[in-house]
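One structure below.
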Amino acid sequence: MSQPHRLAAGGHVDRTRRVSFTFDGRRYEGHPGDTLASALLANGVRLVGRSFKYHRPRGIFSAGVEEPNALVELRDGARREPNTRATVVELFDGLAATSQNRRGSLAFDWMAVNGLLAPWLGAGFYYKTFMWPAAYWERVYEPLIRKAAGLGRASGLPDPDRYEAAHAHCDVLVVGAGAAGLAAARAAGATGARVILAEQDALPGGDLLNEPGLEPWRTEALAALAAMPEVTIMPRTTVFGFYDQGVLGAVERVADHLPEPPPHTPRQRSWTIRAREVVLATGAHERLIAFPGNDRPGVMLAGAARSYARRFGVRAGENVALFATHDGAYDAAFALAEAGARIAAIIDPRPDSPAMQRAREAGFAVRAGSVVSATVGGTALRGIELRAAGGSGRGDAVAADLLMISGGWNPAVHLASMSGAALAWDEGLQAFVPGPPAQRERSAGACRGVHGIGAAAADGAAAGRAAAIAAGFAAAPDIALPDAPAPDHRPHPLWEVRGRGKAFVDIQDDVTADDIRLAHREGFSHIEHAKRYTTHAMGTDQGKTGGIVGAAVLAEARGEPLAKVGLPRFRPYTSPIAWGAMAGEGVGAHFQPTRRTSLHAVHEAAGAVWMDAGIWKRPAYYPKREDADAWASVLREARAVRERVGICDVSTLGKIAVEGPDAAIFLDRVYANTFSTLPVGRARYGLMLREDGIVFDDGTTSRIGPDRFFVTTTTAQAGPVMQHLEFHLASVWPELDVSLASITDQWAGIAIAGPKAREVIAGVVSGLDLSNEAFPFMAVADCMAAGVPARLFRISFSGELAYEIAMPAGYAAHVWQAAMAAGAPHGIEPYGMEALGLLRIEKGHVAGSELNGQTTAQDLGLGRMLKKKGDFIGRVLAQRPGLTDPSRPRLVGLRSLDPRRQIRAGCHLLLPGGDGSSQGWITSATQSVVDPGWIGLGLLRDGEARIGSEMLAANPLMGEEVPVKVISPHMHDPENLRVRA
Amino acid sequence: MLRIPCPHCGPRDEAEFSYRGDATVTRPGPEDGIEAFHGYLYERRNPRGWQVEWWQHGAGCRAFLKVLRHTVTHEIRAVATATEALEVPEA
Ligand SMILES: [Zn+2]
């Protein structure tokens with residue numbers, strides 16, 4: 001028989017259509033309008049999962065986002081999603097769900113033995129037990145814990161779906177489309193304000209969906225809103241965070257209710273909503289009561305059972321008991337009775353109330369002054385035990401397959417709290433409600449303790465009207481409100497019924513009232529400490545049903561009022577959000593921009609192997625068919641530079657135009673060395689320090705005219721150096737008449753290096769005397785290159801005779817090709833980053849591995865560059881004793897004693913026969929072409945004094961210890977004869 | 001997601017700006033010594049309340065701006081150019 005617990009009529013499900021789905025491989029049917037939870041209940045499935053720590057059987061506990069138990073894996077393959085709440089998963093045809101956190105079958109879980117070990121698995125168990133020895137963490141404890149605990153499994157495959165990020169602006173944002181939210185949106189919309197009404201459910205209405213008699217008001221309100229052109233209703237949209245200045249974050253589940261997203265449709269869309277005014281109409285979550293066995297399948301929040309009956313047409317039990325502490329819960333008993341269930345008992349600690357009288361009149365067995373002290377059953381509820389409120393021991397037993405519980409309502413104050421509003425204690429409601437607003441926000445309805453549909457709607461209408469007026473709109477006529485008297489929702493403060501067995505305050509995290517008391521005894525008495533010690537309210541439900549119950553147990557243990565103990569701080573996200581939605585479009589190639597130089601196509605045509613240099617794509621090397629491997633290519637390219645001539649794209653270097661009457665003074669202050677003495681037409685190597693005295697960046701700066709300088713930076717620091725210059729010019733020396741412009745993108749750069757470089761340049765550049773006398777090392781001049789305007793620099797990174805041609809980026813490919821043609825007779829070869837690195841290591845030039853944010857000029861052997869006179873950034877703090885200590889690691893060269901044995905960057909340098917303590921490390925390593933074998937640069941304590949000695953380059957990760965000789969870092973042409981040739 | 005009113009560009013999203021810390025510290029003179037520079041570089045009031053701080057409008061006019069921001073509420077009360085004075089309110 002299909003759907004034995006489905007009612008014949010009523011609710012918001014479409015019984016004319018059937019939807020087929022599977023749970024743990026078994027096939028079931030439901031209807032459009034069902035959630036997975038309502039369809040499972042309609043089919044009599046009550047056991048849906050195993051608990052986190054004790055593997056106790058668990059059933060469906062709620063009918064909404066607050067669900068602690070019914071977490072399932074949804075879909076399969078790459079779309080498998082763990083920890084989805086069955087209570088909010090919309091049923092679709094073909095849906096496949098699997099229960100989580102079980103070993104073996106759901107009905108018999110061998111890990112349930114944890115339940116027998118329970119006395120040793122209390123709060124802090126992991127902290128206390130898995131502490132020692134430390135080495136056991138990685139190898140033993142963590143895998144064990146991960147296997148035993150944890151919830152669902154991620155797919156482990158790339159997410160096949162697409163996500164979008166979007167922005168929205170409005171005058172009034174209304175969060176929640178229950179009675180309060182619908183009324184607020186109508187009242188605000190009537191003024192002409194731009195209104196967004198966001199509702200996490202697929203169906204707007206909130207509690208109205210449980211009130212067939214008020215359905216005309218709901219449909220009329222939705223029709224009225226649909227007719228307002230400035231009102232946008234966003235269903236399936238969870239507002240998860242309230243940030244500064246009226247910014248709220250939301251996720252719209254565009255296609256989660258479908259088997260997979262239709263073409264050209266994102267699965268989810270994350271919204272950043274900027275609202276002038278915000279109305280929070282987020283409702284309330286019903287509160288559990290802690291009593292032994294309150295987690296057994298068949299125990300359910302009263303409002304949820306009512307919702308399954310009224311909204312979904314599902315009878316969640318046949319023989320039903322209600323355990324409630326206030327009149328607001330009694331409608332659940334009437335709803336279940338209307339649905340055909342037998343009301344076995346109503347248990348209420350209070351002596352009497354209007355609702356109890358009505359229940360008696362309806363013929364229900366009301367047990368006034370009583371509490372539930374235990375539940376009976378295995379994987380399903382069979383009965384409950386009662387006793388007198390305030391008593392102890394065992395009392396009557398009542399048979400029941402559904403126990404509906406309600407300890408009151410927790411206003412959903414999350415967003416109000418995140419907006420900065422303090423929470424205030426409401427003694428009547430025994431709940432925290434939002435205090436005075438901190439931003440332009442107002443709460444309305446149940447989220448501020450105004451219960452009942454009529455009262456909430458009136459409250460919402462007032463809030464919506466006030467919000468629109470505050471946003472600058474004129475008041476509009478009042479809207480029609482539903483007439484619905486509400487029962488008294490103020491509960492008798494009953495948080496816990498003590499007895500034998502586990503009384504859960506956080507069902508998802510398996511946290512019991514005893515755990516909270518243990519935390520207090522062990523000194524974790526602050527609510528935030530108790531939360532972390534016990535994991536209370538740290539699950540996907542964030543303690544929506546039991547968070548305050550745990551706080552109340554803590555308050556009792558501390559002997560202080562709950563108002564003083566408070567709740568843990570609310571933070572985004574109010575509900576679990578898919579990572580994909582956070583990433584939006586920023587995945588794969590769109591994660592960050594790809595920067596290509598203007599010569600990219602040229603390199604591609606030359607067969608370049610690419611490497612990432614920051615966000616730039618740069619050629620690593622250009623393999624040729626005859627190259628045995630990558631090293632063969634790199635060595636071939638480097639040899640071409642050392643022996644003939646090579647050409648390299650250096651466009652990624654940062655370039656800054658520094659111009660103005662005070663440009664030279666400014667450069668003197670930002671560089672450690674002097675630029676005011678630099679003649680026009682010359683370049684100089686510059687060293688820039690941070691204010692703390694550490695080396696910031698290096699590069700060549702050229703004087704183009706008396707007031708015009710052309711500064712280059714390293715590729716990596718191009719942006720930071722520009723910012724650094726701008727900051728000091730704006731804030732420290734605003735009196736200097738200097739202007740700065742980044743021209744990195746406008747100018748491309750080509751380096752031509754090698755003994756034949758002058759001949760190649762002569763074939764490209766016109767209008768210059770290139771003789772060594774007329775255009776010496778460090779000369780700079782404007783020229784024509786291959787018929788286009790360009791600038792020629794005689795500078796060298798490789799240690800060879802070398803030039804760099806700078807030209808407008810659009811001409812770069814043209815000039816490159818001209819240089820290749822001019823260089824062909826000389827055997828010119830393009831060289832990539834790898835050969836560039838090899839050449840500069842041989843020459844002893846420092847680069848990013850040495851300019852690592854920890855090294856001083858002295859460390860790098862550049863101490864003499866620091867000028868003795870005049871102020872410059874970093875001058876004073878570079879003199880601190882810790883930075884001038886002569887024993888600091890200094891730059892040295894290193895050579896592997898056995899030319900075949902590789903040394904690697906990152907190796908530590910040890911004394912042979914020493915105690916194994918590190919004396920320094922290798923910063924860069926390569927094979928050499930001038931003296932074949934492995935060489936490197938390193939930072940070595942007492943480095944200069946150790947030149948000539950032997951060390952061990954140790955790589956414990958790979959079990960390598962390679963003997964090396966400490967040498968001068970200037971391994972190639974230390975007299976600089978070649979660059980000046 | 002603050003919105004910062006740039007005096008040159010108008011109100012712009014925080015994402016266009018980068019933060020550069022307390023704008024009330026002044027770089028010492030060249031002869032002021034290590035202690036003075038240490039204070040300039042490392043010592044901050046870290047107020048709970050109003051603070052004048054540097055923000056650069058990097059994705060806009062690139063100006064360094066003085067922004068009067070409340071460190072608890074993130075309210076931005078005033079924005080000035082680098083050379084204008086911006087007083088920290090008493091409360
Ligand atoms: Zn600007």
Side-chain angles (χ1 to χ4, degrees), chain A residues 165 167 169 241-249 271-275 419-421 437-440 668-669 689-694 719-720 722-736 739-742 867 869-884, chain B residues 1-5 7-8 11-15 17-42 52-67 69-77 80-86:
Chain A
H167 291 253
H169 301 258
F242 197 139
Y243 304 91
D244 304 310
Q245 295 185 349
V247 173
L248 292 95
W271 286 94
T272 302
I273 304 173
R274 204 174 267 281
S419 79
Q439 295 195 38
R440 302 187 68 162
D668 279 354
R669 293 186 188 171
L689 306 188
R690 309 190 308 215
E691 192 70 274
D692 64 359
I694 297 290
M722 183 68 191
Q723 258 188 331
H724 176 80
L725 300 189
E726 287 170 326
F727 174 72
H728 285 88
L729 188 58
S731 71
V732 183
W733 303 301
E735 72 280 6
L736 295 184
S739 68
L740 303 169
S742 168
K867 54 182 169 268
K869 279 192 226 160
D871 187 20
F872 63 89
I873 292 169
R875 182 184 67 93
V876 174
L877 292 182
Q879 298 161 17
R880 286 181 290 173
L883 297 189
T884 53
Chain B
M1 294 292 264
L2 306 179
R3 193 179 270 182
I4 300 173
H8 308 297
R12 296 298 185 101
D13 194 281
E14 173 191 345
F17 294 80
S18 54
Y19 179 72
R20 180 100 191 198
D22 191 340
T24 61
V25 290
T26 307
R27 190 172 187 270
E31 307 309 322
D32 285 351
I34 289 176
E35 284 304 318
F37 272 88
H38 183 274
Y40 161 67
L41 194 59
Y42 298 113
V52 178
E53 53 199 19
W54 291 113
W55 288 76
Q56 185 186 20
H57 194 192
C61 60
R62 291 199 70 84
F64 273 91
L65 303 170
K66 284 180 182 165
V67 175
R69 181 183 66 101
H70 196 280
T71 59
V72 177
T73 66
H74 301 310
E75 181 190 340
I76 288 172
R77 188 169 281 180
T81 62
T83 50
E84 288 169 345
L86 202 53

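Within every chain, numbering begins at 1; the chains are lettered A, B, ... in the order of the sequence lines, protein sequences first and strands thereafter. No hydrogens, no waters, no symmetry mates; every other heavy atom, side chains included, goes into these values.
Interface summary for chain B: among Gln879(A), Arg274(A), Gln439(A), the most heavy-atom pairs under 4.5 angstrom belong to Arg274(A).
When all heavy atoms of Met1(B) and His167(A) are compared, the pair lying nearest together is CE-CE1, 4.2 Å. Ala730(A) and Ala82(B) make their closest contact through O-CB, 3.5 Å (heavy atoms, listed as atom of the first residue, atom of the second, distance).
Checked against side chain to side chain donor-acceptor pair (under 3.5 Å), Gln56(B) has the following partners two or more places apart in sequence or in another chain: Gln723(A), Glu726(A). For Glu53(B), the side chain to side chain donor-acceptor pair (under 3.5 Å) partners two or more places apart in sequence, or in a different chain, are Tyr19(B), Gln51(B), Trp55(B), Arg69(B). By the side chain to side chain donor-acceptor pair (under 3.5 Å) test, Arg440(A) is found to be paired with Glu277(A), residues two or more places apart in sequence or in another chain being considered.
For chain A, the nearby parts of Leu2(B) are the backbone and the side chain; heavy atoms of each come within less than 4.5 Å. If you measure heavy-atom distances from Phe727(A) to chain B, the contacts under 4.5 Å come from both the backbone and the side chain. Neither the backbone nor the side chain of Thr81(B) comes within less than 4.5 Å of any heavy atom in chain A. Heavy atoms of Val876(A) lying under 4.5 Å from chain B belong to its backbone as well as its side chain. Only the backbone of Thr73(B) comes within contact range of chain A, with at least one heavy atom under 4.5 Å from a heavy atom of that chain. Of the atoms belonging to Arg875(A), it is side-chain heavy atoms, and not backbone ones, that fall under 4.5 Å from chain B. For a residue to count as touching a neighbouring chain, one of its non-hydrogen atoms must lie under 4.5 Å from one of that chain's; by this rule Leu248(A) does not touch chain B.
Atom CZ of Arg880(A) and atom NE2 of His38(B) lie 6.5 Å apart (nearest 0.5 Å). One distance of note links CD of Gln245(A) with CD1 of Ile4(B); it measures 8.0 Å at 0.5 Å rounding.
Among residues 27-37 of chain B, the residues having any heavy atom closer than 4.5 Å to a heavy atom of chain A are, in sequence order, Arg27(B), Pro30(B), Glu31(B), Gly33(B), Ile34(B), Phe37(B).
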